[in-house]
Amino acid sequence: MSHTESILEGLNEKQREAVTLDSGAALVISGPGSGKTRALTHRIAYLIASSVRPSDILAVTFTNKAAGEIKERVSHLLRSAGLAVKGLPTMGTFHAIGLRVLRVHGQEIGIGKNFSILDSADQQALIKRVVADNGADIQRFKPGPTLGKIAKLKTELVLPDAFVPKGGYEEMLARLYRDYQSRLSAMNVVDFGDLISLPVHLFRNRPDILRGYQERWQHILVDEYQDTSHDQYTLVNLLAKGRGNLFCIGDDAQSIYQFRQADIRNILNFQRDWPDAKIILLEQNYRSTKTILAAAQAVIAHNTGQFPKDLWTENPDGDAVVVTEAFNERTEARDIVRRLEELKGDRYALSDCAILYRTHAQSRAMEEALVQAGMPYRIVGGLRFYERREVKDILAYLRLMQNPTDLVSFERVANVPKRGIGPATVSTIVSLGGDLIEATRRAGSGGTPRSQAKLQSLADLLRGLREARTDKSVRGMIAHIVARTGYREYLKTMKDTMENAEERLENVRELLTVARKYDDAGPDGLQRFLEEVALVQDADTLAGTERAATLMTMHAAKGLEYPVVFIIGMEEGLFPHSRTTYAPQEMEEERRLCYVAVTRAKEHLYVSYAKWRNIYGSRHAGLPSRFLDEMPDALLARRVPDEEAAFEDDTITYE
DNA sequence: ATGATTTTACTTTTT
DNA sequence: GTAAAATCAT
């Protein structure tokens, strides 16, 4: 058997067609459970088997997890096809690719080589300062939304100078944007948006540099194309305009990140951009029962302007979708726990079950019921590892070592652990600008003897840490920081419980484990470590292999599948969420989210709603979600559990 | 500068 | 209802 034959083995006709396409542009619309990753990985392996050099290939994904999985599967495919190739294609997230370009060409756009990356919380802190310092009304320019508007301008590739404000609000926004951006460069940092938009601007201004990348990446493949934003789209198109070999795969019906600037038009208008593009539809579903698939399709049919597709499956009909009306969120949760108990006795493990909800806040009632029943569970999302306070503190120290002008990091650690340096003093130091360690030292030569001493000791501490950078590994530096700052003692004195301090220390140890990878990296170790933690936010070791049910938002569930899926809180106002009910576009996105949630289920799907629900402390009557009405009755089995069980330990359920 | 108290706000979030 | 942020005493 030839190499290519081996790679094509086991693919269905459509998959094979996608994998073996000739050069040129192609769009593969891949329904849920239709083998999207399979098509993508086999395509890459096929190209290599057809003697394309691996280094000529660029594959772009949205998550590190996806990039890792593709890498893994491609090398496995190549190995089992008996192909010995040296090197693998360039595979990574949009942001990782952008970062690579910036590291090489930082000089050309004046950000140098040693910039660091601001994460979302840091951006938040910075924008607050900018809003305050410009005398903007905090009510009209709340940090989150303001940052959102700036991010949007960046994805639209509008630079501060090119932004033409209309009206007073935008006048101020323009000022804030300009100021925000100039502070970024003053600190020598970039935000996430810059990782994509700066390379695009670079390529537009420097065709010579673009040319080099076009030559280098002759085959470009993009995963989850429906989620690309305008700048990502432009980046891909600029690169692909070289050889014209562009392979995009995705599903317009699963576009659920428009609130994060994903632009569904990128996939819908693919043919306009690439008139000769081949379009292939993967419509066979290997995941769900006929019933589940039919329910999902019935819902999504209420949207307009999707790629027409007709999903089908050879899987059995399966059971009806069970629709449960609960009295309130607690009875809803208890009902699910009872159901989990039954399933557990049957042929399912808890790890086969996922409980999906629209908002994180909904997890609590569910958790309480699970804890009460002594049933193990794990929650995906919520507070992530790199967002934890202790981790951020240590990282801020490290970033300050790498980049002494990073004032966001400086502000974070200046008084952590508490050393009597308040906001007033910090802003004095910051206003001196430049190297903040140096600025601290200079600020320490004035003022009262008392504050002098404090500042000098902070300056000494930071200087000592920075010197440690030259002869210590990242791991050594973290240990050094913890030791020299008295961080351990600080954690213990915090008004937290003891176990909490222990848990926080455990997180610091976990950070050491991550850092170990860079032990042998030499002088670049720190920079590379900081890049990894900036770009890999979900470092939560997916140690969820134990027998536990999984709880997560519907967004977090995208790309996953479970034999048994529960969707809770199917009520108007919650899902679709009240904030989205009026704009048709957002309504359609909610519906796609429902489609995504439903199609996670392989064998059994349970959906539920509550007649009464506590939201922010007050009680609200709930109506079943319109999405339930959109599922044909023939596919549903409705039930209303006996409410007596609900009341027995629930005496204060009255008005 | 810091600890206590009140006010406020609150969808989703691959990087 | 909660948790973070703003405000108020010390």
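All chains are named by letter (A, B, ...) in the order of the sequence lines, taking the proteins before the strands, and each is independently numbered beginning at 1.
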Selection from [options] that lies nearest to any side-chain heavy atom of [X]:
X	options	result
A:K418	B:dT15, C:dT2, B:dG3	B:dG3
A:T553	B:dT13, B:dA1, B:dT14	B:dT13
A:R364	B:dT12, C:dT2, B:dT15	C:dT2

[X] side chain N/O closer than 4.0 Å to the phosphate oxygens (OP1, OP2) of [N]?
X	N	value
A:T425	B:dA1	yes
A:R419	B:dA1	no
A:N64	B:dT14	no

Quick one: do the [X] and [Y] side chains pair a donor with an acceptor below 3.5 Å?
X	Y	answer
A:Q181	A:K154	yes
A:Q123	A:S120	no
A:Y487	A:D393	yes

Wobble G-U and Watson-Crick pairs count when both distances are under 3.5 Å; given that, what is the 5' to 3' dot-bracket string of DNA chain B, with | for pairing to other strands? ||||||||||.....
Hey, is the main chain of A:M187 close enough, under 3.5 Å, to the side chain of A:N403 for a donor-acceptor pair?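 Yes.
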Which is true for [X] with a 4.0 Å heavy-atom rule: it touches a base, it touches only sugar-phosphate, or it touches nothing?
X	result
A:D119	nothing
A:I421	sugar-phosphate
A:A66	nothing
A:Y257	base

Test side chain to side chain donor-acceptor pair (under 3.5 Å) applied to A:Q258 and A:E586, A:R592, A:E588, the passing residue: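 With A:Q258 as partner, side chain to side chain donor-acceptor pair (under 3.5 Å) holds for just one option, A:R592.
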Show the distances under 3.5 angstrom between N or O atoms of the protein and N or O atoms of nucleotides 6-11 of chain B.
{"unit_1": "B:dT11", "atom_1": "OP1", "unit_2": "A:R579", "atom_2": "NH1", "d": "2.4"}
{"unit_1": "B:dT11", "atom_1": "OP2", "unit_2": "A:Y616", "atom_2": "OH", "d": "2.7"}
{"unit_1": "B:dT11", "atom_1": "O4'", "unit_2": "A:H577", "atom_2": "NE2", "d": "3.4"}

Do A:K152 and A:E156 sit within salt-bridge range, that is, some charged N less than 4.0 Å from a carboxylate O?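 Yes, A:K152 and A:E156 are salt-bridged.
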Closer to the 5' end of DNA chain B via nearest nucleotide, is it A:H555 or A:N415?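 It is A:N415, whose closest nucleotide lies nearer the 5' terminus.
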Here's a test of your reading of the structure: between A:L195 and A:V426, which maps to the more 5' nucleotide of DNA chain B? A:V426
Could you tell me whether the side chain of A:R260 has a donor or acceptor atom within less than 3.5 Å of a complementary atom in the base of B:dT12?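 Flag unset: no donor-acceptor pair detected.
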What are the two closest heavy atoms between A:D231 and A:S197, and how far apart are they?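 The answer is OD2-N, 4.1 Å.
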Measure [atom1]/[X] against [atom2]/[N] and give the value in whole Å, please.
X	N	atom1	atom2	answer
A:Q226	B:dT14	CD	P	16 Å
A:Y386	B:dT13	OH	P	19 Å
A:Q232	B:dT15	CD	C1'	9 Å
A:R592	B:dT12	CZ	P	18 Å
A:R330	C:dG1	CZ	P	10 Å
A:L356	B:dT12	CG	P	14 Å
A:E224	B:dT14	CD	P	13 Å
A:Q124	C:dA4	CD	C1'	12 Å

Report the C-alpha distance between A:D191 and A:L184 in whole Å, list the side-chain angles of each, state the deciding distance to 0.1 Å, and finish with yes or no for side-chain contact (heavy atoms from CB on, under 4.5 Å). CA-CA 8 Å; A:D191 67 14; A:L184 288 186; 4.0 Å; yes
Over 60° means perpendicular and under 30° means parallel, so tell me whether A:Y225 and A:Y233 are parallel, tilted or perpendicular.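 Answer is tilted, since the angle falls between 30° and 60°.
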A cation-pi test, strictly: NZ or CZ of A:R129 under 6.0 Å from the centre of the six-membered ring of A:Y180 and no more than 45 degrees from its axis. Yes or no?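 No.
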Is the distance from the ring center of A:Y257 to that of A:H555 below 6.0 Å?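 When the ring centroids of A:Y257 and A:H555 are compared, they turn out to be within the sub-6.0 Å range.
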